[in-house]
Amino acid sequence: MSSEENENNLDYYLSLLNEEQNEAVRHEGSPLLILAGAGSGKTRVITTKIAYLIAKKNINPFSILAVTFTKKAAKEMQERAVAMEERAANAQIRTFHSFGAWFLRQFASEAGIDKNFTVYDDDDMITIVNKAVPGLTKQQASLAAKRISLAKDYCITPDSKDIIEISNDKDFPIIYEAYQTRLRSTGNVDFGDLIMLPVQVLEQNPNVQKQINYRFNVIMVDEYQDSNMAQFRLLQALAGFNDTPADTNHVSISDITSSALDESEGPEKFSILRQTDSSDTASNTKHSQGTDFEQVRTTALKMPYICVVGDDDQSIYKFRGAEVQNILSFQKQFPNTKLIRLEKNYRSTARILQVADKVVSKNESRLGKTLVAARGDGKQPVLTFLDTQDDEAEFCASLIKKAHLKGVPYQDWAILYRTNAQSLGFETEFLHQKIPYTIVGSLKFYDREEIKDILAFLALIANPRDEIAFRRIVNKPARGIGGVAQDKIVALALQDGVMGSLIKSAEKYSETASKKAKEGLTFFTSQMNDYLQSLESATGEDNLSVFVEKIMNSSGLLEYHKTQDEIADTQKVLNLQELSNSAVLYKFTQEGLLDFLDHIELDRTLEKADGQEEADSVTLITLHNTKGLEFPRVIITGLEYGIFPRQEKQNAELEEERRLFYVGITRAKDELYITSCAQRRLYGHIQFMEPSPFLAEAGKDSWRLLGKVPRAFAYATSKDGDGTEENSSQPTNPLFAKWSVGTRIYHDEFGYGQIVRTETKDSEFVISVSFENSGIKKFLPEYQSGSLLIVKD
DNA sequence: CCCGTCGTTATTTTT
DNA sequence: TAACGACGGG
């Protein structure tokens with residue numbers, strides 16, 4: 001296609017956009033924040049914008065960087081942009097982490113890592129903590145690993161004073177430091193490093209930053225509300241907005257000569273640079289935030305254009321380090337930001353959106369927007385109250401079955417729940433009723449033992465310093481090389497803090513080892529050397545699955561897992577086969593191997609082989625996993641206080657739960673069903689449940705009600721018809737209220753009374769109520785199913 | 001080294 | 001309740 005055709009072609013795509021979308025696509029000259037409500041066509045806007053910049057604005061596709069959070073989103077974005085404009089294939093459209101990996105492969109030495117690094121996952125992190133700090137219990141190690149991850153999400157190093165924000169345990173910095181040392185000795189990285197190391201490299205190497213700033217003229221970020229601090233800083237550095245400490249003696253003169261300024265001395269140099277810089281790009285002035293920092297742009301040529309897209313109402317990953325603050329304060333961080341709201345929703349019918357809007361509007365910290373339905377009213381969302389979780393599963397099954405008889409395919413349905421454990425009841429019921437289902441996300445393909453084994457072989461071949469991979473496979477299947485021998489081999493390889501080849505070290509050790517260990521090691525090392533050699537001499541004519549097969553067969557692992565399959569009735573061999581299949585796409589070369597490992601580590605969902613279409617089935621999925629998805633019919637289950645929201649959630653965390661509900665609701669295109677049970681088996685006990693306060697927040701009139709309406713719901717929605725109270729971010733469920741002495745109470749059986757005492761006994765909260773006619777009674781409010789109410793004046 | 005039993009513990013997890 | 005990990009006997 002000629003570029004002229006492309007241009008005409010693009011006019012067609014532009015004509016499909018609504019006014020705001022169009023404005024967002026065409027905007028230029030200052031940072032842009034697009035607040036895109038659920039289903040408002042944000043992907044369309046980003047992709048069209050990429051195509052538009054290339055076709056209409058002559059932007060070199062190589063200079064466009066678009067980052068997303070999931071591989072799936074990146075892939076979709078790329079495909080859709082390329083469909084509009086072929087040259088978009090040359091744009092960098094990646095996940096944050098794959099961008100980090102790409103970056104680190106180029107600047108490995110600056111980052112202090114091996115250029116053949118592989119990425120350690122969370123389990124590997126725990127193993128490293130264990131090795132770095134012996135004597136920790138498994139629990140302590142995994143807690144430490146979790147905190148290290150979180151620290152890295154915030155770019156906090158072991159010696160940072162901010163470390164107490166992560167943990168005030170005085171041992172934590174020591175553990176973190178030891179972990180880092182151990183990790184660095186392997187030459188590999190963890191997930192957090194994929195963001196934090198590029199930030200450090202960029203911030204500490206003006207030359208590198210200059211190079212990168214020069215490379216990327218346009219930077220776009222999708223799902224910006226889920227970015228963490230580290231990602232924010234990466235973005236700043238990429239956009240050239242980052243702060244460099246005033247003590248910038250590492251900034252050499254040559255680094256800033258491109259600014260065409262005189263080489264005057266002292267801090268004024270920077271302020272002049274800053275001034276000149278900002279006057280050159282009038283709209284992109286960076287204001288000075290602190291007294292201790294000077295802003296230095298190392299390239300004074302031109303500011304990259306930055307555009308982020310997100311929805312503060314869909315921020316649901318705080319627990320993993322995501323900072324809603326990033327999107328809430330974007331306009332402050334990037335002055336002169338243009339804000340465009342996309343509020344027209346093309347996905348859901350109006351009645352569904354109304355529920356979503358009512359619920360989320362209870363949140364206080366939000367930028368605020370109101371979704372406008374582009375479609376008709378549609379069906380009234382159905383809220384069903386059931387007795388037990390078994391009834392709930394049965395109800396869902398019968399809904400789906402009835403619809404199926406009328407020709408609605410199973411795949412139109414999704415069952416959403418808060419926790420993975422909730423899937424069990426549905427599985428049992430569906431199995432029983434022969435309803436096909438697919439569970440999304442619970443057991444990750446690449447987390448399976450057999451898969452990790454083969455990947456460990458590949459990782460060790462790629463990087464013979466990979467201690468974790470080495471330990472995983474050196475004695476699998478068992479060949480007499482126990483933990484002690486492994487420690488000695490690692491110690492032997494570790495010279496002056498630098499890890500050498502573990503294979504060489506294993507060879508060396510085998511000379512002095514016992515007979516059994518010697519035999520085992522000889523087998524292992526000769527196999528490894530054979531693999532290394534065949535990789536070295538590989539021409540790239542074969543694909544990587546040839547190599548994977550070779551390893552599986554000759555290492556004894558296939559045999560080992562075959563035996564396991566027979567014993568435990570598992571499908572490990574089948575999974576291995578699948579892994580081998582997925583390697584077909586990669587070349588049998590060193591580069592192909594690294595590529596393969598990167599793709600696997602950075603996308604933990606198995607890529608479906610072509611032609612292997614998903615059968616018609618119901619989707620069972622956690623609410624978190626639904627982001628970005630849509631289904632014609634959605635059932636959100638377990639809307640009970642304690643489950644959703646979880647009991648301990650308050651304030652900001654409660655708001656996040658509410659957003660999660662919002663995300664769930666807005667997945668539905670045509671029909672929305674909500675279920676809530678009066679009792680539920682939890683941890684082996686039957687517990688009586690209250691309806692989720694979120695239900696009342698939507699108002700009684702939003703729902704078509706089925707089943708026994710619990711008193712708490714009726715009460716909460718009776719006040720003013722729709723459960724709305726002025727300036728109330730407080731949940732309306734009485735359970736959320738403060739049970740304090742003096743509060744007036746109404747009880748089904750005992751009538752009116754007043755709280756005379758509150759206490760916590762055996763970690764249960766107990767209240768004593770003096771009733772007008774029945775004397776004093778004690779209650780556990782937590783377990784009162786709607787029979788105990790606070791009387792409001 | 002493997003397997004059974006007992007005890008412990010129960011969110012969400014794009015990468 | 002159930003699932004998983006730790007531990008000890010064969």
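Please read these numbers as outputs of a predicted model, since none were measured by experiment.
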A.B. asks: Show the distances under 3.5 angstrom between N or O atoms of the protein and N or O atoms of nucleotides 1-3 of chain B.
C.D. replies:
from   : atom 1 : to      : atom 2 : distance (Å)
dC1(B) : OP1    : N475(A) : ND2    : 3.4

A.B. asks: For the pair N326(A) (side chain) and N228(A) (backbone), establish whether a donor and an acceptor sit closer than 3.5 Å, ignoring hydrogens and angles.
C.D. replies: yes
A.B. asks: Once you apply a heavy-atom cut-off of 4.0 Å, does K138(A) come out as touching a base, just sugar-phosphate, or nothing?
C.D. replies: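 Result for K138(A) = sugar-phosphate.
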A.B. asks: Whether the H561(A) and D453(A) side chains hold a donor-acceptor pair (N or O, under 3.5 Å, no angle test) is what I'd like checked.
C.D. replies: yes
A.B. asks: Starting at OH of Y662(A) and ending at C1' of dT12(B), how long is that distance when rounded to a whole Å?
C.D. replies: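 Rounded to whole Å, this separation is 19 Å.
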A.B. asks: Over how many whole Å does the gap from Q139(A) atom CD to dT9(B) atom C1' extend?
C.D. replies: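 Going from CD in Q139(A) over to C1' in dT9(B) covers 9 Å.
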A.B. asks: Taking only the C1' atom of each, what is the distance from dT11(B) to dA6(C) in whole angstrom?
C.D. replies: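 Going atom to atom, C1' in each nucleotide, I get 24 Å.
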A.B. asks: Would you kindly say whether E76(A) and Q78(A) are connected by a side-chain donor-acceptor distance under 3.5 Å?
C.D. replies: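 No donor-acceptor contact under 3.5 Å links the two side chains.
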A.B. asks: Using atom P in both nucleotides, what's the gap between dT12(B) and dG5(C) to the nearest angstrom?
C.D. replies: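 That atom pair is separated by 15 Å.
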A.B. asks: Does the side-chain ring of F96(A) lie flat on the base of dT15(B), meaning centres under 5.5 Å and planes less than 30 degrees apart?
C.D. replies: no
A.B. asks: Report the C-alpha distance between R184(A) and D193(A) in whole Å, list the side-chain angles of each, state the deciding distance to 0.1 Å, and finish with yes or no for salt bridge (Lys or Arg N to Asp or Glu O under 4.0 Å).
C.D. replies: CA-CA 11 Å; R184(A) 289 291 161 261; D193(A) 282 341; 3.0 Å; yes
A.B. asks: What is the distance, rounded to the nearest whole Å, between atom CZ of F117(A) and atom C1' of dT15(B)?
C.D. replies: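 It works out to 13 Å between those atoms.
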A.B. asks: Is a side-chain donor or acceptor of T127(A) paired with a backbone partner of D123(A) at a separation under 3.5 angstrom?
C.D. replies: yes
A.B. asks: Within this structure, what is the CD-to-C1' distance between E656(A) and dT13(B), rounded to whole angstrom?
C.D. replies: 12 Å
A.B. asks: To the side chain of R646(A), which of dT14(B), dT11(B), dT15(B) is closest?
C.D. replies: dT11(B)
A.B. asks: Taking only the side-chain heavy atoms of R418(A) (C-beta and beyond), determine which of dT13(B), dT14(B), dT11(B) contains the nearest atom.
C.D. replies: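 That would be dT11(B).
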A.B. asks: Is the NZ or CZ atom of R233(A) positioned over Y154(A)'s six-membered ring, under 6.0 angstrom from the centre and within 45° of the axis?
C.D. replies: no
A.B. asks: Taking atom C1' of dT13(B) as reference, at what distance in whole Å does atom CD1 of I316(A) sit?
C.D. replies: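 So the two atoms are 10 Å apart, to the nearest Å.
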A.B. asks: Would you say T419(A) reaches dA10(B)'s phosphate, i.e. side-chain N/O to OP1/OP2 under 4.0 Å?
C.D. replies: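 So the side-chain polar atoms of T419(A) never come under 4.0 Å of the phosphate oxygens OP1 or OP2 of dA10(B).
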A.B. asks: For the backbone of V119(A) and the side chain of D190(A), can you confirm whether one donor and one acceptor N or O come within less than 3.5 Å of each other?
C.D. replies: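 No; zero donor-acceptor contacts below 3.5 Å.
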A.B. asks: Under a plain distance cut-off of 3.5 Å, with no hydrogens placed, do K131(A) and Q486(A) share a side-chain donor-acceptor pair?
C.D. replies: no
A.B. asks: Rounded off to whole Å, could you give me the OH-to-P distance for the Y683(A) and dT8(B) pair?
C.D. replies: 17 Å
A.B. asks: To the nearest Å, give me how far apart CG (D123(A)) and P (dT13(B)) are.
C.D. replies: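 Value for this atom pair: 15 Å.
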A.B. asks: Walking along DNA chain C from 5' to 3', note the first and the last nucleotide with an atom under 4.0 Å from a heavy atom of chain A, and give both.
C.D. replies: dT1(C) to dA6(C)
A.B. asks: Quick one: pull up CZ in F694(A) and CD1 in I674(A) and give me the separation to the nearest 0.5 Å.
C.D. replies: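 One finds 11.5 Å between CZ of F694(A) and CD1 of I674(A).
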A.B. asks: Pick one: which of E640(A), Q687(A), H685(A) meets side-chain hydrogen bond (donor to acceptor under 3.5 Å, both in side chains) with R680(A)?
C.D. replies: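 Result for side-chain hydrogen bond (donor to acceptor under 3.5 Å, both in side chains) with R680(A): E640(A).
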A.B. asks: May I ask you to verify if any side-chain N or O of N625(A) is less than 4.0 angstrom from the OP1 or OP2 atom of dT13(B)?
C.D. replies: yes
A.B. asks: Nearest to the side chain of N420(A), heavy atoms from C-beta on, is which of dT13(B), dT15(B), dT14(B)?
C.D. replies: dT13(B)
A.B. asks: Rounded to the nearest Å, what distance is computed from the NE2 atom of residue H599(A) to the C1' atom of nucleotide dT15(B)?
C.D. replies: 14 Å
